[in-house]
Each structure stands twice: as structure tokens, then as C-alpha cells.
Amino acid sequence: MRVTNSILAAAPVAFTLFNAVAAAPPAYEAAKLSTSTSRSASHSTSHSTSHSTSHSTSHSTSHSTSKSSSRSSTKTTKSSSRSSSTPTPKTSSKSSTLVTSVSFSSSVPATTSVATSASTVVSSSTSSVAPTSTSSAVSTATSSATSSTTIPIPSPTTVVNSTTCGGQTYVYEELAGYGFIASDARDKLGDTIGGIGSSIALDGSSWQQLASGSYTGQLYAIPDRGWNTQGTVNYQNRVHKIQITLTLDESATVDSPSAPNLQMEYVDTILFTDPAGTPVTGLDADVRGPYLTFPSIPFDLPSVHFQGDGFGKDGPGGQRVVMDGEGLFLGHDGSFWVSDEYGPYIYHFSATGSMIGAIRPPDAIIPLRNSSESFSADSPPIYDPSLAPIPTDNPTGRDNNQGFEGLTTNPDGTRLYVLLQSATNQDGGPSNKNSRNSRFLIYDITTPQPTYLSEYVVSLARTVSSDSSSKIARQSEIHYVSDTQFMVLARDSGEGRGQGPDATTSVYRHVDIFDISAATDIKGARADCSTCSIATSKGVLNSTITAAQYCPWLDFNVNSQLNRFGVHNGGADDAGLLNEKWESMALLPVNPGSNDEEFFLLSLSDNDFITQNGYLNSGAFQYSDASGYDLLNQALVFRVRLPSGSTPLVS
């Protein structure tokens, strides 16, 4: 059974600026435009790794990769000891759709030899419960067959891996797609489109399969706080509307990879304002209050007094609510719920972008300096780097830039679930390796002012599971599967495109599962006061608390899958290298209208607005990132199978 969370507001007028597939970024080698043609091939690769993870419980996940483009039982075993250059991705299309795409070649790291796996579903074991120019063109893609249909898509004959968590089995079948938006594409205001992987949500009612076999739907994406690698700026927070079209290429192989087959077409932008109609900004909050208050909201909101235009030039200055948006879901009434890192708060915006409500978390999560509220995240503005807090790290509350990264809801839209990126500072947060015990909160959002219901601990994974001193894979997003089980996107940091030629290999970039069914509800005076802790400063969880069960699952970094779409983890620091930050998830039904458990899992990267041709402030502020990079807004599409009988959020 599947329940769809639909957005009911009328769709904005389309405003097309680019075709993400058609725009060829300068970094691509041998880039060329070509009209898609269909082709078929038979090829199979399989990678098998058996591993176990000790994470407050004994848990093992079996790993296998196999690809048969013909989907038949006849497979060709392929040992892929690869050269340094990826074959030029092919193009593919359906007869009813004209797609302009980019063909390119890029260096990729050598992959290990692989062996054919004959199993339809790999074995898995059950965990026991334990505590200027816009470099884009007007879209050339048109869908002549616009009527909704359902064309049965056969399941892959083999899978990459599966995991069982709390008796429920999750299967990663294959990588099904890749696409991107150019680093210097611009929205209707003239501002660079960046950071859109911070969080995404699908209008579930829009998702359909065309007569051609392609899929299409409307996606909402929030940038975080704007370009900030050299200081925060007075960027008005917003949500973008993007039309996505996915055309499967079942013949994609490592030696004959697919061209980008996920098209992302910009449609519109909705700007966020506070209850009085003043723009909400990405600038860091003032180190100390008083902060802004509004009659409709029963507490103060993190805010900033800024100088000039907030970009370093002349202007009237002012005071604005600040927000670093990191989580998003759509209300049934067309509204937007957004979680942020500064407060960390959760904000509720109308369909037109006006703030209509907010949630302030328990005092244990509110940052304090010198015994007073201090919402600064030590991210001074570009016009005055001296505006840094003292002390830099707040002793209690969320750590700097480690606020509410994960946000989701149930299909009925009656509950809100939110997860800190890592532990609060009093629970071990300032030190990465001690920051694993994150707090997970649940609210009833059927009441005018949401009601705080419960709180649990999610002990995050270590990047090297066998090494208790390794860093924590801090989380970047969550997604509802059931009342007790949730997907969580957890990753390492400092590795990937844009981090330099010596930092290209990520070791942990996962969608994992956590289960709260046997976890301790810690809500109450002993956990939620401003000085309350649930773990030691070394990150050791209190013995009276049982954390959620945590189960590793889908690994982004499997090169035998990535290489089928011309991208890679590790190796050359080229445009095919995956970006560092992957921070969003959305589920898209493989068979729309059916009640099966097969989904596409869409994830977008956060490129931090890094480009050499950037524009903000309605195009008046031009910038070139000091890194010298142009980072694509990358997207990956995984094909997965969720537990039988699942009723996940199709957001």
C-alpha cells in the first residue's frame, strides 16, 4: 500500500532557463551535444563483498553487484580492470521524446575484478535489536505522449546489496540514473541556482510514467543559505520548483556508459519571508540578542542586524530572521515545512512563502554562550569576518552548523520527525569522533502550535566500522518508511569533487536505516533542560538509554554502478567525480499507481554555490569562488525495493 503526499497549490507559471542535460560544463573533456538514439547491449558485471558491522549490535550486510542489460538469465562475466579513461557515454531516448544530451569522457579510478552472481536476491542477515551567462539553454525536450500510463518495468535479475533491520529487508537493486544542473545556471531572479541538494520533496501527485516509458514529475528543492565559502551573504532563502524527467537506459554498462538520463528543468522560485513580509536571510545570526519577535509566534526567532546591502556594498542595513534551510517536506495544503541549522528551528511557510509558524526545540538543543541564547554558528558575514562569537563553540546545544539536517513527515501529514546532524555539544558534539549520539524528535502537527511528543537517540555510524576512533558519518537527511523505521543519509566529509586532487575518495556515503521500536523515549526534564546531557563529553551514551537500532544499507560509492553512468568515486578530480556533499532524498514509484515496494531513490548533491560565474542579489552581486572550481548540481537515481507492505512517504 502506498500513500501519496500531494501538494495542492496551483502550479506556478513555468519559467525555463536551462536543460540540465543539454548544458555542457567547461570541465567536461571532449564534451559534445548529440541527439539521443536508442541502442541495446548485453553486459554484466558483479561485485561481491561480504562484510559485517558492529554498531551497538551485531549486524551484517551482504554486498553484490551484477548487471545484465538484456535482463535475461544469460550473463557474460566481465573482469573490469579498468584503464584511466571512461568510454564516452552513449545517448538513449524513447521515440516520443527528443532529448539533447552531453557525451563526455573522464578519467575514473581502476575498479576491482568482479564475478558473476547467480542469486536473484543476495543473502542478508537480520540484526538483533540493540540499544553572465547562464550556461544553459532552453529545454529541447518535449513529451508528445503526456498521458499517464503504467508500463511494467522488470526488476533487475541481481542486486547490489540488501540489509535486514528489525525484521524488515531493504534491497539496493541498481543505479538507474544520473543528471545535473550546470554550476552557473540562474533562476528567474538572476541568482545562481546552487545548494539545491540541501533537501528535496516530490509533489507525489505529479509523478507519472509517460507512454514512451519515461517518468516525469515536479520536484521542490531548497538551497541552504547561499554562497558562503568566503563568508555568509544576505541571500534570501527560497524554494525552487524543478521538472524532472527520467529515461531509463537498461543497456548501460561500465564499458559503454549511459549519458546523463535524468533531465532537470527549472520552472519557478518561491521566496521566503517572515510573518511581517520581510525577506528571510542566509546571513549568520547575531552572537547575542535581543532577537526578533512576532505576535503570531510565541518565542523569539534567530535574527541578524546587518550592514549596507548585506553583500559588502552600500545599503540601508536592517534586521532579518536568519535561516540555513536543510530539511523540507510539503504540507497537504500546499505549504512548506523547513528545518534549519541556525536555531535550530523548524519553520512553516505558506504556499506563497510567508512564514506562518515555527517550532522551537527543547532547551537542551538551543545553543548557549555565557549562559545566554547565542544563535551564531561562527559563520561571519563576507563584509566583516571579525564578527565571530566568543567562545567559538557554544558549550551546550547544537554544535555550529550541526542543526536540524534531517526532516520528514508521515504520509497523513500529521507527524513531523526531525534529527540533529550530530550530537549536541554537551553530549560530545564539538569533537567529531564523540558526536555520534544524535537526538531524534517527533511532533504532532495537527495542532495550531505543534506538540512535542517524544525523543529518541540515534547513534550514528562510524566511517570505519571496525575502528572505534574513526570519525562519525554525520547525517544529512531522513525519510519516513514507517512509524518506527526511517532512512537516513549519512556521509563522511572533506572527500569528493572540489576538495582537491588528494581528497577524492569517500569511504562512507550511505543511505542507512534506523529503527526506534525498541529505543528509549528520553523526552522529559532529565534530558531536555539546557544543561541536561544524555551522553558523556566523550560521547558514551548513558547506560539507562537504549538507542535506535542502526543498520548500514545503500552505498553511493560502488564504482561498478557509478561507472555505468560515467561518474566515479575516487581517482581523478574531474567533472565525473562525485561531489562531497549529498544531502537529500525522495522516493519515486517505479510503477506509479501500483501497491508494490519498488522505488527510485533520488538524491541531489549540495554544491555550496561553487562556481566561477556566480550571481546573487537579483544578479547585482557577482562572485567567483576562490577554490577555482565549478561544481555541478549532481543527482543520482537508485532503484530500490523496500520491505513488503511498506507505506513510505512519497513526498
**Q.** Audit row: Ile200, Ile242, side-chain contact (heavy atoms from CB on, under 4.5 Å) steps and yes/no
**A.** CA-CA 10 Å; Ile200 57 176; Ile242 298 168; over 6 Å; no
Q: Kindly indicate, with the supporting measurements, whether the criterion side-chain contact (heavy atoms from CB on, under 4.5 Å) is fulfilled by Tyr623 and Phe609.
A: CA-CA 10 Å; Tyr623 69 92; Phe609 289 77; 3.4 Å; yes
Q | Ser199/Leu407 under side-chain contact (heavy atoms from CB on, under 4.5 Å): CA gap, chis, key distance, verdict | A | CA-CA 9 Å; Ser199 194; Leu407 179 71; over 6 Å; no
Q) Do Ile181 and Tyr266 have side chains that get closer than 4.5 Å, going by heavy atoms? A) no
Q.
What I want to check is whether the side chains of Asp249 and Asn261 have a donor and an acceptor closer together than 3.5 Å.
A. no
Q | Distance in Å, Leu562 CG paired with His568 NE2, rounded so as to fall on 0.5 Å steps | A | 9.0 Å
Q: Taking all non-hydrogen atoms of both residues into account, name the closest pair between Val171 and Ser162 and its distance.
A: CG2-CB, 4.0 Å
Q: Ignoring hydrogens and angles, state whether a donor on the side chain of Gln612 or Ser624 is under 3.5 Å from an acceptor on the partner side chain.
A: yes
Q) When you check the side-chain N and O atoms of Tyr629 and Asp608, is any donor under 3.5 Å from an acceptor? A) no
Q) Is Asn607 reaching over with its side chain to a backbone N or O of Gly194, donor-acceptor style, under 3.5 angstrom? A) no
Q. Is there side-chain contact between Leu460 and Gln475, with at least one heavy-atom pair below 4.5 Å?
A. yes
Q) Backbone N or O of Val481 within a donor-acceptor pair of the His479 side chain at under 3.5 Å? A) no
Q: For Asn579 and Leu632, indicate whether the former's side chain and the latter's backbone hold a donor-acceptor pair under 3.5 Å.
A: yes
Q. Do Gln561 and Tyr172 come close enough that some side-chain heavy atom pair is under 4.5 Å?
A. yes
(Q) Can a donor-acceptor pair be found, under 3.5 Å and without considering hydrogens, that links the side chain of Gln485 to the backbone of Cys165? (A) yes
Q: For the pair Arg564 (side chain) and Ala252 (backbone), establish whether a donor and an acceptor sit closer than 3.5 Å, ignoring hydrogens and angles.
A: yes
**Q.** Under 3.5 Å side-chain donor-acceptor pair for Thr253 and Asp255
**A.** no
(Q) For the CD atom of Gln499 and the CD atom of Glu580, what is their distance to the nearest 0.5 Å? (A) 4.0 Å
Q: Kindly write out the residues that satisfy side-chain contact (heavy atoms from CB on, under 4.5 Å) with Ala176, not counting sequence neighbours, or none if the list is empty.
A: Leu248, Phe600, Val637, Arg639
**Q.** Minimum heavy-atom distance Glu477-Glu326, with the two atoms named
**A.** OE2-O, 4.2 Å
Q: Supply the atom-to-atom distance Leu631 CG to Phe180 CZ, rounded to the nearest 0.5 angstrom.
A: 13.0 Å
Q. CG/Asn559 to OG1/Thr505 distance, rounded to the nearest 0.5 angstrom?
A. 8.5 Å
Q: Check whether any side-chain heavy atom of Tyr508 lies under 4.5 Å from a side-chain heavy atom of Asn557, and answer yes or no.
A: no
Q) Hey, mind stepping through Glu173 and Glu598 against side-chain contact (heavy atoms from CB on, under 4.5 Å) and telling me if it holds? A) CA-CA 9 Å; Glu173 295 182 333; Glu598 279 206 287; 2.5 Å; yes
Q | Pairwise distance CG(Leu642) to CZ(Phe599) - rounded to 0.5 angstrom | A | 5.5 Å
Q.
Is the ring pair Phe486/Phe514 parallel, tilted or perpendicular, if the boundaries are 30 and 60 degrees?
A. parallel
Q. Between Gln243 and Thr216, is any side-chain donor less than 3.5 angstrom from a side-chain acceptor?
A. yes
Q: Decide whether Asp184 and Thr611 meet the rule of one side-chain donor and one side-chain acceptor closer than 3.5 Å.
A: no
Q) Between Arg186 and Asp191, is a salt bridge (Lys or Arg N to Asp or Glu O under 4.0 Å) present by the stated rule, with each step listed? A) CA-CA 5 Å; Arg186 294 162 69 181; Asp191 292 346; over 6 Å; no
Q) Under 3.5 Å, is there a donor-acceptor pair between the side chain of Gln218 and the main chain of Asp203? A) no
**Q.** Short side-chain to backbone donor-acceptor contact, Glu597 and Gly645, under 3.5 Å
**A.** yes
**Q.** Minimum heavy-atom distance Ser644-Gln168, with the two atoms named
**A.** O-OE1, 4.3 Å
(Q) Donor-acceptor check, side chain of Asn161 to backbone of Trp553, threshold 3.5 angstrom: yes or no? (A) yes
Q. Does Trp207 have its ring centroid less than 6.0 Å away from the ring centroid of Tyr215?
A. yes
Q. Do any N or O atoms from the side chain of Asp224 and from the backbone of Ser198 form a donor-acceptor pair under 3.5 angstrom?
A. no
(Q) So, taking the atom named OG in Ser214 and the one named CD in Gln208, what distance separates them when rounded to the nearest 0.5 Å? (A) 11.0 Å
Q. So, does Ser605 use its side chain to make a donor-acceptor pair with the main chain of Gln634 at under 3.5 Å?
A. yes
Q) Hey, are the side chains of Met487 and Leu587 touching, using non-hydrogen atoms and a 4.5 Å cut-off? A) yes
Q: Under the side-chain contact (heavy atoms from CB on, under 4.5 Å) rule, collect the residues that match up with Ser470, sequence neighbours excluded.
A: Arg462, Thr463, Val464, Asp467
Q) Are side-chain N/O atoms of Asp573 and Thr504 paired as donor and acceptor at under 3.5 Å? A) no
Q. Leu636 and side chain to side chain contact (heavy atoms under 4.5 Å, CB included): which partner among Leu604, Leu578, Leu601, Leu602?
A. Leu578
(Q) Hydrogens and angles aside, do Asp512 and Tyr550 bring a side-chain donor and acceptor to less than 3.5 Å of each other? (A) yes
